[in-house]
Amino acid sequence: VLNRRCVEAAVMTGLALKCSINKKSLFDRKHYFYADLPAGYQITQQRVPIAVNGSLSYSLCIDNKMSQMVTKTVRIKQIQLEQDSGKSLHDDTRSQTLVDLNRAGVGLMEVVMEPDMCCGEEAAAAVRELQLILQTLGSSQAVMAEGQLRVDANVSVHHPGEPYGVRTEVKNINSIRFLAKAVDYEIQRQIEELENGGTILNETRAFDSKLGCTVPMRDKEGKQDYRFMPEPNLPPLILYDAKSLPANMNHQQVINIDWIHERLPDLPSVKREKLVEQYEILPEHSFALLNEDGLAEFFESVVKQTQMKPKKVIGWILNDLLSHLKQHSLTVKESPVSSFLLADLLNLLEKKEISSTVAKRVLAELWKGEGKTPLEIVKEQKLELLQDQKELEQICQAVIDGQENE
Amino acid sequence: AMLRASLRQVSAALKEGRVTPTELCQRCLALIKSTKFLNAYITVAEETALKQAEESEERYKRGQPLGILDGIPVAVKDNFNTAGIETTCASNMLKGYISPYNATVVQKLLDQGAVLLGKTNLDEFAMGSGSTDGVFGPVRNPWSYSKQYKENSVPKSHSEDEESNWVITGGSSGGSAAAVSSFTCFAALGSDTGGSTRNPAAHCGVVGLKPSYGLISRHGLIPLVNSMDVPGILTRCVDDAAVLLGSLAGHDPKDSTTIQDDFKPFELPNLTDVSELSIGIPKEYHAPGLSSEILALWSKAADLFKNAGAKVVEVSLPHTRYSIVCYHVLCTAEVASNMARFDGLEYGHRSDKKESTESMYAATRREGFNDVVRGRILSGNYFLLKENYEKYFVKAQKVRRLIANDFVKVFRSGVDILLAPTTLSDAAPYTEFIQEDNRTRSAQDDILTQAANMAGLPAINVPTALSERGLPVGLQFIGRSFQEKQLLTVAKWFEKQVQFPMIQLEEVKRHDSSVFQHQKSASFS
């Protein structure tokens with residue numbers, strides 16, 4: 001039986017990725033024998049998937065300092081709905097395989113990209129953007145480490161102007177960082193192989209994160225004939241839009257593409273544009289804000305509570321707050337310094353009651369989470385900026401006098 | 001004569017207190033025991049059945065029966081999942097398998113208070129037309145032991161034992177048909193993929209209904225051909241079939257191939273005037289091998305309608321001759337797919353071979369399946385290979401569409417119901433039947449029944465008359481999709497006209513006397 005939520009998620013994702021949604025899509029059985037496939041076949045959409053021909057835009061920094069960003073696009077070939085298999089855990093010491101069938105049969109959405117990317121960095125950036133989109137839509141929490149987002153990389157090399165080379169499929173990639181590493185390693189490996197006069201096999205390889213390389217996966221003998229057959233238990237999936245929706249249809253039984261389209265939330269790219277426009281920050285700032293869960297909201301909250309210009313606030317968010325968070329491996333939600341506290345601190349700075357050096361010190365102090373306000377810390381440690389001209393003269397004189405005595 | 005009554009009659013008796021559910025259940029169980037030689041049941045669920053009967057009795061005492069099926073003993077073909085009761089599909093692959101859930105149709109029966117006596121025998125995984133190829137042995141047609149058969153059949157030699165002269169039930173729902181025919185239950189569930197309910201119904205002299213595809217849920221029916229399987233209903237008379245249909249039909253969210261429309265159970269009117277009716281006689285169903293007896297009966301039946309004022313016309317279903325081949329391609333392809341799940345890992349038989357997963361699979365499947373099943377799997381996989389897919393599978397689907405369109409055209413031309421034979425001849429003796437292999441027999445026997453499966457149409461076998469050998473012969477009516485009411489109404493009229501005789505079984509007479517006796521006798525005169 002088809003899971004409605006899966007179909008909705010696929011339609012949302014398809015719309016977000018600018019795909020054409022197929023109003024009629026079909027289900028097929030893909031047959032092969034494996035311990036984690038209890039039915040001996042997987043239900044998938046081989047003939048007519050639910051969405052096709054979309055594109056995903058993502059951004060890269062030209063250098064490593066995030067000062068110049070360039071936009072790239074990767075075409076989306078299709079999105080298909082299919083079943084998950086179970087999980088196999090190989091116990092080599094006891095020569096046995098343990099099979100966990102809990103997730104077998106659960107609905108999956110496979111997003112197939114065209115080979116438009118040229119290196120690990122691009123692959124990582126594209127997948128990162130996809131991850132953000134999926135999280136924004138609510139289609140998936142897309143955490144790679146938890147297997148919510150699984151990425152297989154298909155890599156090939158060729159001389160410019162020549163047709164694409166033989167590709168290998170790289171599996172077992174568990175993070176975006178590893179994705180970049182795996183892709184770059186495989187590219188190098190293939191280039192070396194070819195330059196040494198060898199050939200590339202159309203094989204499946206596994207990424208070994210410890211060694212940082214790809215290795216051929218065992219037990220893949222020759223090309224499999226999956227004996228595709230239409231899935232007889234699932235009728236064709238019919239989706240409607242406002243025009244084609246029949247008048248007396250029970251709306252519980254149908255999915256209206258237009259209705260879903262109207263309710264799509266702002267995609268990351270749109271959110272970034274709005275941030276840049278509203279707060280006059282740089283595009284690379286908006287990327288950094290969206291790259292960390294909750295950071296954009298934190299930023300906006302601080303901006304609301306302080307007189308400091310957003311253009312200045314952003315530095316404190318991206319440099320100071322973020323580095324503290326990273327140092328202590330905390331998420332924004334776990335920050336011991338609330339937006340209120342930070343805004344309070346920035347107000348002191350803005351009113352020139354403290355210097356920016358002092359502000360950094362106070363922030364570090366606030367980080368200890370002892371419940372003191374910025375003002376309390378400043379007063380305690382006597383960190384205020386002196387504004388009184390006379391007092392300043394006295395201090396300077398004292399210093400000069402002290403020097404003379406030496 | 002409670003055991004030989006119809007379902008509706010005995011239901012009325014329960015309501016009026018003339019018999020109690022437990023008494024009824026006990027009698028059926030006793031009869032099952034003394035007709036064990038028929039081998040109709042694989043599992044008899046004595047304890048649970050008696051418990052269900054007791055609960056039913058409580059309800060009747062309180063004056064709150066669940067409905068017409070409350071307390072009625074029924075049997076279910078062993079390819080339907082039954083929670084807590086072994087489901088084997090007559091295969092080594094599932095010997096000892098206890099399902100954790102009930103098939104939707106089983107659940108519906110139980111929810112209405114029916115008493116589940118047990119699981120009936122079949123051809124392994126419902127593949128066959130004789131109910132002879134299951135691991136628990138063949139089912140014997142109760143008519144083999146009937147007075148009518150014994151008086152009319154010519155024994156090969158005087159010294160020959162009755163034992164070797166018994167005839168088959170037909171298949172693959174032979175156990176269910178035999179159970180209903182021998183009065184051990186009042187209704188039984190079978191399955192019909194290529195005729196597996198109608199064929200044994202014809203040979204055992206009972207009513208066998210194949211409903212429209214999509215009307216009754218297949219959830220829990222272990223699949224053979226998903227696009228053709230339907231649960232089948234076997235009863236003593238057409239009215240009983242309508243009762244069963246009423247309690248089983250309707251949309252099931254667990255089966256996406258059931259239609260969404262509301263189904264309203266109906267009572268069959270007593271048709272008296274057939275002048276508005278148009279009966280079609282498909283000429284291609286005068287198949288090679290059709291016995292002259294059945295041909296004559298078919299003719300007689302057509303005349304019956306004509307003389308009663310109905311319009312009887314010859315029609316043509318031109319693609320009939322391609323249907324067997326087409327059916328074989330599509331059937332084996334789906335079978336190969338559906339049988340892939342039997343790998344010994346999660347449930348069922350598992351071989352002891354441990355060298356590798358592959359060797360374990362191979363051994364498990366060789367040990368678990370008989371050669372009929374293995375043969376179909378191999379053929380099916382062949383047809384699904386990339387290089388063969390277009391030539392065989394896709395082609396067969398196209399031919400299937402043509403076959404289905406044949407029916408559409410005929411029904412559009414004003415014909416209401418088609419009348420055709422169900423089988424080529426009366427039941428063959430077992431020793432003769434097994435001279436040919438399962439594939440050959442299936443190809444021969446399915447020819448009159450499987451087009452209805454390919455087109456998803458409802459069809460019903462109505463016992464018509466006895467052959468020269470004293471065995472039942474049935475004729476089938478095929479109707480428009482989802483027009484079961486019309487189909488059954490006509491079938492009921494026909495049933496009334498032909499007055500098919502009741503089987504005379506000594507065993508049953510013994511059990512059915514008004515004084516309840518435990519008689520264990522091995523002789524049947």
Side-chain angles (χ1 to χ4, degrees), chain A residues 1-4 7 26-44 46-47 83 85-86 88 90 94-102 104-105 218-238 246 248-250 252-254, chain B residues 213-214 217-219 221 223-229 251-261 329-330 332-348 354-358 360-362 364-365 377 380-390 392-394 396-397:
Chain A
V1 179
L2 193 53
N3 181 325
R4 189 201 169 97
V7 178
L26 305 171
F27 292 97
D28 305 287
R29 289 187 182 182
K30 178 180 181 182
H31 298 90
Y32 62 95
F33 284 97
Y34 203 67
D36 62 16
L37 199 63
Y41 60 84
Q42 176 200 31
I43 299 181
T44 177
Q46 190 241 5
R47 288 170 291 156
Q83 284 182 312
S85 64
S88 288
H90 297 287
R94 291 196 200 85
S95 293
Q96 59 183 15
T97 302
L98 306 166
V99 182
D100 178 352
L101 290 176
N102 276 303
R218 51 199 170 129
D219 80 6
K220 290 276 174 175
E221 5 116 9
K223 278 210 163 161
Q224 279 246 33
D225 189 330
Y226 291 112
R227 289 168 278 122
F228 285 100
M229 181 183 92
E231 169 57 67
N233 287 326
L234 291 177
L237 175 60
I238 310 285
N248 52 352
M249 202 71 143
N250 178 0
Q252 290 279 46
Q253 286 172 12
V254 300
Chain B
Y213 182 85
S217 171
R218 289 182 296 111
H219 175 76
L221 166 61
L224 184 61
V225 183
N226 289 288
S227 63
M228 298 187 209
D229 291 351
H251 176 65
D252 183 9
K254 296 185 198 148
D255 179 353
S256 302
T257 59
T258 52
I259 50 162
Q260 307 269 1
D261 305 359
V329 171
L330 297 177
T332 53
E334 283 217 39
V335 162
S337 178
N338 290 327
M339 295 293 135
R341 69 194 62 187
F342 297 107
D343 53 19
L345 274 182
E346 306 88 3
Y347 45 77
K354 280 188 222 175
E355 292 88 62
S356 69
T357 323
E358 274 79 27
M360 191 276 278
Y361 282 173
T364 296
R365 289 161 72 80
I377 293 172
N381 277 324
Y382 176 77
F383 296 135
L384 289 176
L385 288 175
K386 220 167 168 173
E387 66 255 27
N388 293 331
Y389 184 72
E390 289 285 324
Y392 291 98
F393 188 84
V394 177
Q397 290 283 31

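In what follows, chains carry the letters A, B, and so on, assigned in the order in which the sequence lines appear, proteins first and then strands, with residues in each chain numbered from 1.
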Taking the side chain as C-beta and beyond, is there a heavy-atom pair between B/Arg218 and A/Asn233 under 4.5 Å? yes
Identify, with sequence neighbours excluded, every residue that meets ring-ring contact (aromatic ring centres under 6.0 Å, His included) alongside B/Phe393. B/Tyr389
With a 4.5 angstrom heavy-atom cut-off, could you sort out which part of A/Pro38 is near chain B: side chain, backbone, both or neither? both
With only heavy atoms counted, which part of A/Tyr32 is less than 4.5 Å from chain B, the side chain, the backbone, both or neither? neither
Measure the spacing between [atom1] of [X] and [atom2] of [Y] and express it to the nearest 0.5 Å.
{"X": "B/Ser227", "Y": "A/Glu231", "atom1": "OG", "atom2": "CD", "result": "10.5 Å"}
{"X": "A/Tyr34", "Y": "B/Glu358", "atom1": "OH", "atom2": "CD", "result": "9.0 Å"}
{"X": "B/Leu345", "Y": "A/Thr97", "atom1": "CG", "atom2": "OG1", "result": "10.0 Å"}
{"X": "A/Tyr226", "Y": "B/Lys386", "atom1": "OH", "atom2": "NZ", "result": "9.5 Å"}

Less than 4.5 Å to any heavy atom of chain A: does that hold for the side chain of [X], its backbone, both, or neither?
{"X": "B/Asn388", "answer": "neither"}
{"X": "B/Gln397", "answer": "neither"}
{"X": "B/Pro223", "answer": "neither"}

Can you name the nearest heavy-atom pair linking A/Val1 to B/Ser256, along with the distance? CA-OG, 3.6 Å
For residues A/Pro232 and B/Thr257, report the shortest heavy-atom separation together with the two atoms involved. O-CG2, 3.6 Å
Among A/Gln96, A/His31, A/Met229, single out the residue with the greatest number of heavy-atom pairs under 4.5 Å to chain B. A/Met229
Tell me every residue that passes salt bridge (Lys or Arg N to Asp or Glu O under 4.0 Å) with A/Arg227, counting only those two or more places apart in sequence or in another chain. none
Most heavy-atom pairs under 4.5 Å with chain A, out of B/Val394, B/Asn338, B/Val225, B/Asp255, belong to B/Asn338
